[in-house]
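Written below as structure tokens is the structure these notes are about.
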Protein chains: 2
Amino acid sequence: MTAPVNGAARGRAPEGYDKYAFEPFAVTVDLAVLTLRAGALHVLLVERGHEPYAGRWALPGGFVLPHESAEEAARRELAEETGLSDVSGLRLEQLRTYSQPDRDPRMRVVSVAFAALLPDAPEPHGGGDAAQAQWLRYNALGPLAFDHDRILADAHDRIGAKLEYSCIATAFCPPEFTLGELRQVYETVWGTALDPPNFRRKVLATPGFVEPVPGAARLTGGRGKPAALYRAGTADTLHPPLLRPSTSVSPASPPSSPSPTTSASTPSPEGRPA
Amino acid sequence: MTAPVNGAARGRAPEGYDKYAFEPFAVTVDLAVLTLRAGALHVLLVERGHEPYAGRWALPGGFVLPHESAEEAARRELAEETGLSDVSGLRLEQLRTYSQPDRDPRMRVVSVAFAALLPDAPEPHGGGDAAQAQWLRYNALGPLAFDHDRILADAHDRIGAKLEYSCIATAFCPPEFTLGELRQVYETVWGTALDPPNFRRKVLATPGFVEPVPGAARLTGGRGKPAALYRAGTADTLHPPLLRPSTSVSPASPPSSPSPTTSASTPSPEGRPA
DNA sequence: TGACTATTGGTCATGTTGACTATAAAGAGT
DNA sequence: ACTCTTTATAGTCAACATGACCAATAGTCA
């Protein structure tokens with residue numbers, strides 16, 4: 001609730017809040033910025049320079065400023081960390097909020113986590129921040145700082161689930177892409193191989209998922225037969241969904257996240273929804 | 001991020017946090033507690049006694065205490081507001097975090113919203129809190145306090161989506177229930193009628209969704225042929241999903257939530273799938 | 001008794017998916 | 001130039017899931 005009807009009497013009472021006390025927390029955002037590079041899932045990480053977890057990799061992020069929402073803070077941090085110019089059009093999905101009291105040994109920090117999907121992978125030029133940001137392969141990550149292993153695993157779960165029933169896969173692709181590239185998004189995130197003809201049939205049968213580029217343009221870059229180019233459509237949901245094959249365990253192993261630091265929540269499918 | 005690498009220099013620096021400043025926010029939880037009563041979706045609401053929004057209905061909730069996570073705070077508030085004894089086994093799902101700077105006119109409050117599903121509807125006996133809590137029909141709600149209209153609408157969206165690909169529908173049901181009661185959960189939340197034979201076929205074909213009560217027990221309460229009793233199974237995902245009929249608009253109108261107070265997030269399908 | 005209601009069992013047509021075969025069009029290697 | 005490899009694309013076919021039904025059963029209600 002927003003109104004402090006309950007008298008949880010601690011801390012100072014701020015101005016205009018005479019009868020009700022509260023405990024001030026620091027509120028931050030954490031970003032799981034994902035992209036596909038050379039057919040592998042990559043994550044944007046920064047190397048920590050201070051204790052705790054000095055030298056460890058961590059998700060980029062920062063404090064929510066007094067005048068901005070968590071979404072605005074996430075977008076600002078995304079621009080700062082990646083050095084991108086037009087983060088305005090990027091899809092930013094709120095994952096969940098991590099609030100374990102001991103997740104930061106220094107003080108009480110509540111963090112709102114977001115996931116962002118980038119089409120290509122421009123090398124991040126540290127936009128003024130301390131440690132340099134860098135793309136690292138999702139599969140080859142040591143333990144991250146804080147509870148960032150779990151945040152990243154949650155992000156991966158959520159994105160994998162949303163691929164099933166939404167059209168966000170195009171967010172990983174450049175403005176014009178082939179169906180093979182789109183299929184590779186699914187294959188990389190899910191860690192499974194998909195049948196190209198069946199995938200094609202499904203995508204083209206879903207109105208608004210993709211639309212062909214008018215000029216009969218074809219990409220003749222790599223090996224094999226040149227593929228037709230498509231653009232992202234206007235639809236954002238996938239009815240019926242494109243379910244991942246149930247008979248396989250994902251070979252793309254998530255980073256080590258042994259301790260469930262937060263409780264009482266289902267991972268995602270939600271994605272299936274959710 | 002958890003570590004304040006960026007120097008967002010504002011506010012006081014707390015002890016042990018010398019080099020980095022932060023802005024203290026109040027962190028609360030808001031609960032969208034849903035139940036089915038007489039075939040209609042009901043929400044647990046409290047009447048506000050103070051300004052702002054005095055006299056308006058609001059979602060129950062309260063501050064996160066220094067030693068607890070948001071999930072623990074939500075569970076504690078749930079017990080306090082409903083007067084239930086065993087909230088430990090209840091499913092509590094984190095929805096998202098609402099952080100618009102102006103969502104509370106008094107001060108900066110960031111709120112983590114949760115949804116909870118209750119089987120039956122015990123009349124809440126205000127567990128010590130000020131305004132009395134009460135069940136109100138979801139369809140017959142005036143505008144709520146703060147951004148609670150939107151939180152509630154998000155909760156409804158999320159639950160409706162999760163019904164498609166998860167087994168949470170049983171969370172609305174008592175320990176033993178008939179397939180007709182389970183079907184009514186879907187029909188009430190989705191606002192659509194479902195074909196009883198087809199629903200039955202789908203549910204029984206999904207391993208682990210429900211399991212029959214051994215003693216061939218049957219419920220012979222109301223009208224019609226007595227129905228077999230089932231218990232919730234062990235599965236929590238629904239493969240393949242139970243998609244809601246796409247060719248109908250939900251007649252169950254959500255409460256008025258005209259202004260999108262938060263930005264940059266997709267509602268749910270997460271729903272389906274999330 | 002008869003009307004009514006809800007559960008349960010079943011069929012049938014349709015739509016979707018998974019597995020698979022085949023052809024086309026490019027580059028790489030010899 | 002020729003072959004091999006790679007990828008895209010077209011198409012088929014069976015298994016499966018779904019939506020729309022029909023019918024029988026077993027209770028309550030008047």
Side-chain angles (χ1 to χ4, degrees), chain A residues 38-39 163-165 173 176-188 190 192-207 209-213 216-230 237-248 272, chain B residues 38-39 163-165 173 176-188 190 192-207 209-213 216-230 235 237-248 272-273:
Chain A
L163 287 183
E164 291 193 327
Y165 57 91
C173 296
E176 297 189 348
F177 51 88
T178 69
L179 293 187
E181 293 172 312
L182 188 65
R183 179 166 45 83
Q184 212 181 17
V185 172
Y186 281 85
E187 293 180 330
T188 304
W190 285 351
T192 56
L194 297 178
D195 183 64
N198 290 344
F199 179 82
R200 171 189 189 79
R201 176 181 56 186
K202 174 69 180 174
V203 171
L204 294 183
T206 302
F209 194 174
V210 299
E211 50 190 29
V213 172
R218 314 205 134 226
L219 187 70
T220 173
R223 279 190 291 275
K225 180 177 175 179
L229 287 178
Y230 293 87
T237 56
L238 207 44
H239 264 303
L242 174 47
L243 300 175
R244 74 186 96 184
S246 52
T247 58
S248 76
R272 235 283 204 167
Chain B
L163 286 183
E164 292 193 326
Y165 58 91
C173 296
E176 297 189 347
F177 52 87
T178 69
L179 292 186
E181 293 173 312
L182 187 65
R183 178 167 45 82
Q184 212 182 16
V185 173
Y186 281 85
E187 293 181 330
T188 304
W190 285 350
T192 56
L194 297 178
D195 183 65
N198 290 343
F199 179 81
R200 171 190 189 78
R201 176 181 58 186
K202 175 69 181 175
V203 170
L204 294 183
T206 303
F209 194 173
V210 299
E211 49 190 29
V213 172
R218 311 202 138 228
L219 188 68
T220 172
R223 281 188 290 274
K225 180 176 176 177
L229 287 177
Y230 293 86
T237 57
L238 207 44
H239 265 301
L242 174 47
L243 300 175
R244 74 186 97 184
S246 52
T247 58
S248 78
R272 165 122 284 296

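Note that the structure is a prediction, hence the values are computed from the model and not measured. Within every chain, numbering begins at 1; the chains are lettered A, B, ... in the order of the sequence lines, protein sequences first and strands thereafter.
Which of dG18(C), dA20(D), dA17(D) sits closest to the side chain of Asn198(A) comes down to dG18(C). When the nucleotides dT18(D), dG9(C), dA8(D) are ranked by their closest atom to the side chain of Pro197(B), dG9(C) comes out on top.
Listed for the Tyr230(A) side chain is no donor-acceptor partner under 3.5 Å among the backbone atoms of Leu179(A).
For Arg183(B) and dT7(C), the shortest distance from a side-chain N or O to OP1 or OP2 is below 4.0 Å. In this model, the phosphate group of dT18(D) is approached by a side-chain N or O of Lys202(B) to a distance below 4.0 Å at OP1 or OP2.
Residue Arg223(A) contributes atom CZ, which lies 11 Å from atom P of dA8(D) at whole-angstrom precision. To the nearest angstrom, C1' of dT18(D) lies 14 Å from CD of Glu164(B). Rounded to an integer number of Å, the gap from CD of Glu181(A) to C1' of dT7(D) is 12 Å. Atom CZ in Phe177(B) sits about 16 Å away from atom C1' in dT7(C), given to the nearest Å. Residue Arg244(A) contributes atom CZ, which lies 17 Å from atom C1' of dT17(C) at whole-angstrom precision. Rounding to whole angstrom units, CZ of residue Phe199(B) and P of dA20(D) are separated by 16 Å. With rounding to whole Å, Leu204(B) atom CG is found 12 Å from dG10(C) atom P. The interatomic distance linking Asp195(A) (CG) with dT12(D) (C1') rounds to 13 Å, in whole Å.
Contact annotation for Pro226(A): backbone-only contact, meaning every heavy-atom pair under 4.0 Å involves sugar-phosphate atoms and none involves a base.
Counting distance only, with no hydrogens placed and no angle test, the side-chain atoms of Arg200(B) and the base atoms of dG10(C) include no donor-acceptor pair under 3.5 Å. In the interface, the side chain of Arg201(A) is paired with the base of dG18(C) through a donor and an acceptor atom under 3.5 Å apart.
Note that OG1 of Thr188(A) and CD of Glu181(A) are 11.5 Å apart. Values are rounded to the nearest 0.5 Å. Between the OG1 atom in Thr178(B) and the CZ atom in Arg200(B) there is a gap of 10.0 Å [rounded to 0.5 Å]. Atom CG of Asp195(A) sits about 8.5 Å away from atom CZ of Arg201(A), to the nearest 0.5 Å.
Ranked by how close their nearest DNA chain C nucleotide is to the 5' end, Thr178(B) and Lys225(A) are led by Thr178(B). The nearest heavy atom of DNA chain D to Leu179(A) and to Gly224(B) marks one nucleotide each, and the one closer to the 5' end goes with Leu179(A).
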Does the pair Gln184(B) and Phe177(B) meet the rule for a side chain to side chain contact (heavy atoms under 4.5 Å, CB included), with working shown?
-> CA-CA 11 Å; Gln184(B) 212 182 16; Phe177(B) 52 87; over 6 Å; no
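dA30(D): Watson-Crick or G-U partner is dT1(C), with both key distances under 3.5 Å.
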